Every structure is written in C-alpha cells, then in structure tokens.
> 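Okay, handing you the structure first.
So that the names make sense, note that chain A is the first sequence line, chain B the second, and so on, each numbered from 1. Keep in mind it's a predicted model, so treat the numbers as computed, not measured.
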Number of protein chains: 2
Amino acid sequence: MKLSTKGRYGVMAMVNLALYDHEGQVALKQIAEHEGISESYLEQLIAKLRKAGLVQSIRGAQGGYKLAKSPNEISVGEILNALEGILAPVQCGDNVNCCHNSSCKVKPVWEKIHTAVNDVVFSIYLSDLIKE
Amino acid sequence: MKLSTKGRYGVMAMVNLALYDHEGQVALKQIAEHEGISESYLEQLIAKLRKAGLVQSIRGAQGGYKLAKSPNEISVGEILNALEGILAPVQCGDNVNCCHNSSCKVKPVWEKIHTAVNDVVFSIYLSDLIKE
DNA sequence: TTATACTTGACAATTTTAGTCGGAAATGGT
DNA sequence: ACCATTTCCGACTAAAATTGTCAAGTATAA
C-alpha cells in the first residue's frame, strides 16, 4: 500500500508548477533542482502528465512546462491516476486469485478502500495545496 | 498503491479460519487448498499472524491453526498491519524526499489518504465478512 | 514410534522500481 | 546561419521487492 516515487514526485512537480504558474513556463531543470529529483527521471514522469493533458510543453530554448488547466481544475487524483494507474488496492476479477473458498467475501473490503482513497484524492485540487 | 499478495492472502486465510472457527483448528494444508495458495508461502504469512497474536497454533498430529480471538475482535486493519506494515502511502520525515520547494504542501494529502484507509480497515471485522 | 504439522532459514526466479544515457528535434537569441 | 537551450524518445540497467520454493529440524498426538 505504498505510493511509488512516480506518484510522489509527480504531485510535487505539479505543486511546483502551480506555484510558478503566473510566471509562464518553467524548465524541467528548475523543477528538478527545486524538488531535489533527478532531471532524467522527472522527464519520464512529466511525459505521462503531458499525455494525460495535465501539463503543456513549450519546446525549444527558454521553453518549459506549464499547467494545461487552472490549478482549481486539476485534482491530485488525476495526477496520481496518470502516474500510478488505478488506485485500487486489489484488482479482483483479472487473473488475480482473490476469492476461492472465501468466495469473494473480501472483495467489498478492497472496494471500500478504493472508494475511500478516491474520495480523498479527487476532492483535493492543486489550488488547495498552494494557498498559503 | 497496490496491496501485495501478503495482505490479500492473509485476509483470505483469516476469513477461512473464521468460517471454520467452530470446528476447532484447521490445518494449513486445508486453507492453502481452499484458497488456492501455495502452502509453503502461506506458512510464512501465518507465522506473522501468529506473532501478531491473531492466530493460535496447535502443534502435532491433527493440529492446525485457529483464531486467537473472536471474529468480532479481529479487524482487517490488524491483519493488514501485521503483514504489510503501516498502510501509509508515504512515510514523510524519514530519509524520504517528500518536500523541498513544495515545502511539505503535499504532506497533508498523504496523511488524509492514510487516515481514510485506516478508517475503513479498522472498522471492518472478520465477523462482518463471514455473516450471510 | 511414527505420522502429522509447525518452524526456521536459505535460496531463487520474476517483476517492479528508480533511475541513467544518448541522441534527435524544436526554438529563441545573436 | 549558427548555437545554446530545452523538450522528446527509446533503450538500457542496477537494485530492491515480491513471490515464492526447498530442505531440514522440532514438537506433539495417536
């Protein structure tokens, strides 16, 4: 039940972008330095965020990244989903052995956890995190 | 944010034990067969559950395992904690890089997730899962 | 005393994580 | 036109965690 650095770094980077949103685009190098993350690694992560439509890139010299939407339109849930995939603790039903004799008595537990996590992350927006 | 098989198998095994609680101890082999889990692997998991005081072992021929407490005294949270450790998505503060320039603006997010997950798992007891 | 079952510890294949690296393409400034 | 800067893309890799397997030993009931 741990979050990988993908999700953690991703949210950190997005908060960073939100903080400097008014200044136009920010170079990846800046973010990497600000947050103490490897630039090469962050590249992979931000590529996913771009494909998910959360950030916008400006190529070339003096280029960089900026939020694709307003901070109050980007939830932490979107960020985490883009980087970590579905946040369910167990994906029952695939080829995952989750119910034999216990005949899926446990499935509702995983669903409740999933719902609880989603309720939290999709109700927190970047704008909530950068205020004060 | 996935649960490993440790936690999943552990809860399944405990539900199994709860189902057959009235029949006295159940052999590990039975549980492994019922749930489709490797017996050798389950051995490791149930050892942790025993050390956490959740199951009780009866050695010798016709031996096996049984719940150490009543099903309504054992929560899913206890089981998961015994097998997966703390369920926090991020453990900020260690040597984990979680806040630099974003100066821990994200920390409350991880805490809320942790709280939400705990609220769920510590409010569900084995007795809830085996009824009906 | 023997079969059953728990206990321990070492080992190992596979997958995931957490990056690294090199180069190509785009763009603004000189 | 050139050059420094920066994004973009794909392949590669070391380390760690996961998910087991296996062998040998210990305890106990029948």
Side-chain angles (χ1 to χ4, degrees), chain A residues 1-13 17 20 24-52 54-68 80 83-86 89-91 94-98, chain B residues 1-10 12-13 17 24-33 35-52 54-66 68 80 83-86 89-91 94-98:
Chain A
M1 284 296 288
K2 293 280 173 286
L3 212 54
S4 72
T5 55
K6 288 197 197 76
R8 199 165 79 240
Y9 289 173
V11 174
M12 286 163 66
L17 281 180
Y20 298 102
Q25 67 272 19
V26 181
L28 204 60
K29 194 176 182 179
Q30 304 296 318
I31 305 175
E33 282 176 3
H34 282 161
E35 302 294 344
I37 303 174
S38 149
E39 186 183 344
S40 313
Y41 187 40
L42 194 53
E43 237 175 44
Q44 295 178 19
L45 308 185
I46 207 143
K48 289 191 178 186
L49 295 173
R50 187 175 52 83
K51 283 166 191 159
L54 299 178
V55 302
Q56 184 185 342
S57 68
I58 292 99
R59 303 187 63 162
Q62 316 307 319
Y65 292 93
K66 55 186 295 190
L67 298 182
L80 292 179
L83 294 165
E84 302 261 344
I86 298 294
V90 172
Q91 270 158 317
D94 311 5
N95 52 355
V96 173
N97 166 16
C98 89
Chain B
M1 282 296 288
K2 294 278 173 286
L3 212 55
S4 73
T5 55
K6 289 197 196 77
R8 198 164 80 241
Y9 289 173
M12 288 163 64
L17 282 179
Q25 66 273 19
V26 182
L28 202 61
K29 194 176 184 178
Q30 305 295 317
I31 305 176
E33 283 176 2
E35 302 293 345
I37 303 173
S38 148
E39 186 184 342
S40 313
Y41 189 38
L42 193 53
E43 244 174 39
Q44 297 177 20
L45 309 185
I46 207 145
K48 288 190 179 186
L49 295 173
R50 187 177 55 81
K51 283 166 190 160
L54 299 178
V55 302
Q56 181 185 343
S57 68
I58 293 99
R59 308 186 64 156
Q62 315 307 319
Y65 290 94
K66 56 185 297 191
L80 292 179
L83 293 165
E84 304 259 345
I86 298 294
V90 172
Q91 271 160 314
D94 309 5
N95 51 354
V96 173
N97 166 14
C98 87

> Tell me which nucleotide among D/dG20, D/dT18, D/dT7 gets nearest to the side chain of A/Ser57.
D/dT7
> In this structure, how many angstroms lie between the C1' atom of D/dT7 and the CG atom of A/Leu45, rounded?
15 Å
> Do A/Tyr20 and A/Gln30 come close enough that some side-chain heavy atom pair is under 4.5 Å?
no
> In whole Å, what is the span from the CD1 atom of A/Ile37 to the C1' atom of C/dT17?
15 Å
> Rounded to the nearest angstrom, tell me the gap between atom CD in B/Gln56 and atom P in D/dT28.
14 Å
> Can you find a heavy atom in the side chain of A/Met1 that is under 4.5 Å from one in the side chain of B/Met1?
yes
> Please give, in whole Å, the distance from D/dC9 P to A/Glu39 CD?
16 Å
> Specify the closest pair of heavy atoms between A/Ser4 and A/Glu84, including all atoms of both residues, with the distance to one decimal.
OG-OE2, 2.8 Å
> Within the 4.0 Å heavy-atom criterion, would you say A/Lys6 contacts the bases, only the backbone, or no part of the nucleic acid?
sugar-phosphate
> So which one's nearest nucleotide on DNA chain C is more toward 5', B/Leu28 or A/Gly60?
B/Leu28
> Nearest to the B/Arg50 side chain among C/dG19, D/dT19, C/dT7, which nucleotide is it?
C/dT7
> Output yes when a side-chain donor or acceptor of A/Gln25 lies under 3.5 Å from a complementary backbone atom of A/Gln62, and no otherwise.
yes
> Looking only at side-chain N and O atoms, does B/Tyr41 come under 4.0 Å of OP1 or OP2 in C/dA12?
no
> So what does A/Ser40 hit on the nucleic acid, given a heavy-atom distance under 4.0 Å: a base, only sugar-phosphate, or nothing?
base
> Nearest to the A/Ala61 side chain among D/dA4, C/dG19, D/dT7, which nucleotide is it?
D/dA4
> Distance check needed: D/dT18 C1' versus A/Met1 CE, whole Å only.
17 Å
> Scan A/Ile46 against the nucleic acid and name what it touches under 4.0 Å (heavy atoms): base, sugar-phosphate only, or nothing.
nothing
> Between the base of D/dC9 and the side chain of A/Glu43, is there a donor-acceptor distance below 3.5 Å?
yes
> Using a cut-off of strictly less than 4.0 Å, decide whether B/Ser4 has a side-chain nitrogen or oxygen near OP1 or OP2 of D/dT19.
yes
> Rounded to the nearest 0.5 Å, what's the gap from NZ on B/Lys51 to CD1 on B/Ile46? Could you check?
12.5 Å
> Could you give the CZ-to-P distance, from B/Arg8 to D/dA17, as a whole number of Å?
20 Å
> When you measure only distances, ignoring hydrogens and angles, does the side chain of B/Arg59 come within 3.5 Å of the base of C/dT7 through a donor and an acceptor?
no
> Parallel, tilted or perpendicular: which describes the rings of A/Tyr41 and A/Tyr9, with under 30° parallel and over 60° perpendicular?
perpendicular
> Can a donor-acceptor pair under 3.5 Å be found between the side-chain atoms of B/Gln44 and the base atoms of D/dT21?
yes
> With a 4.0 Å cutoff (strictly under), does any side-chain N or O of B/Tyr9 reach OP1 or OP2 of D/dT19?
no
> In whole angstrom, what separates B/Leu3's CG from D/dT18's C1'?
13 Å
> State which of C/dT7, C/dA18, D/dT7 makes the closest approach to the side chain of A/Ala27.
D/dT7
> B/Ser38 has a side chain; which of C/dC6, D/dG20, C/dT27 sits nearest to it?
D/dG20
